[in-house]
Amino acid sequence: MSEIINGKEVARALRESLAARVVELDKKYGRTPNLVVILVGDDPGSVSYVTGKAKAATEIGIRNTTIRRPDTITQDELLELIAELNADDDVDGILVQLPLPKHINEHYVIQAIAPEKDVDAFHPNNVGHMWLREPMLIPCTPKGIIKLLKESGTELSGKEVVVVGRSNIVGQPVAKLLLNENATVTVAHSRTANLGEVTRRADVLVVAIGKERFITADMIKPGAVVIDVGVNRDSRTGKLCGDVDFEEAQHVASKITPVPGGVGPMTIACLMENTVECFENRVNKR
Ligand code: GUN
């Protein structure tokens, strides 16, 4: 049986250390970090994510506001709101929950956020800095995955790592961060030929494809470390499940993240860390 990588625990420890850091920042600057989350519409998944982010922020001592707007908001109105928050010196972090309604261009919205307040690290400036290995904000889920791998004592240098999925939010940035850790990285995706052959090469397998039970036990090298980024509804039980068939995979992998309780809590904790980093970068620039 594999060891379960407990993301909930690692995330709790990170949140505790951030809470202590916020107390120190308050003493030093007489102000705590301030995060504003914009939620457009009422998609239940997005509402649930945003609620989780607000709860974590409050527990850490990060001031936070969720601004809700109906899905009839125009792109110009949303851009106007972001411009106001950019100009507000008391706002350290801005997050626009995705996805946005179809009539709004996500790229324009992401580019409108001031890069120094971009806690998601989705702005092209931040993406560019990350790819050039310049110290900057790192997107939350990839950052959380690297922390989990390090916490679990997984060696990355010289190892074969396969990332399944090539999204801008997870697959591509995590591949780059793993390359920075001196892993030999392959990015596979839905069109990869002989996917099982590719994934079976992996000492570390990171899966972010968004399909329930997509990775079966026969696609995993015995003893591999498996990181499951998927958040899906199990069509059999209705419960949350990942992209990996956990029941089977836990008999093959040496270490594996569960869903829920693996990568998810790390994403939120890293968002909090990014908010604190944005605050520190801003006060240090003055
Ligand atoms: N929707 C799904 N994941 C994310 C994320 O990491 N950030 C934002 N802003 N929206 C999301």
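This is a predicted model, so every value here is computed, not measured. Indexing begins at 1, ligand by ligand and atom by atom, following the structure's order. Because only heavy atoms are used, hydrogens play no part in the values below, and waters and symmetry mates are left out as well, while side chains stay in.
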Original post:
Atoms of ligand 1 less than 4.0 Å from L95 heavy atoms?
Top reply: 9 (N)
Subject >> ligand 1 contact on F122 by region, counting heavy-atom pairs under 4.0 Å >> reply: side chain
**OP:** Provide the closest heavy-atom pair for C278 versus V119 in the form atom of the first, atom of the second, distance.
**Re:** SG-CG1, 3.9 Å
**OP:** Examine the proximity of ligand 1 to V96 and report which part, side chain or backbone, both or neither, has a heavy atom under 4.0 Å away.
**Re:** backbone
Original post:
So which bit of D120 gets within less than 4.0 Å of ligand 1, heavy atoms only: side chain, backbone, both or neither?
Top reply: side chain
Original post:
Has ligand 1 got any nitrogen or oxygen that is less than 3.5 angstrom from a nitrogen or oxygen of L98?
Top reply: yes
Original post:
Does CZ belonging to F246 count more than 12 external heavy atoms closer than 6.0 Å?
Top reply: yes
Original post:
Which residue supplies the protein heavy atom nearest to atom 4 (C) of ligand 1, what is that atom called, and how far is it?
Top reply: Q97 NE2, 4.4 Å
Original post:
In terms of hydrophobic clusters joined by side-chain contacts under 4.5 Å, are L177 and V204 together?
Top reply: yes
**OP:** Please examine the side chains of Q172 and W131, heavy atoms only from C-beta on, and report whether any two atoms are closer than 4.5 Å.
**Re:** yes
Original post:
Hey, is the main chain of P222 close enough, under 3.5 Å, to the side chain of R200 for a donor-acceptor pair?
Top reply: no
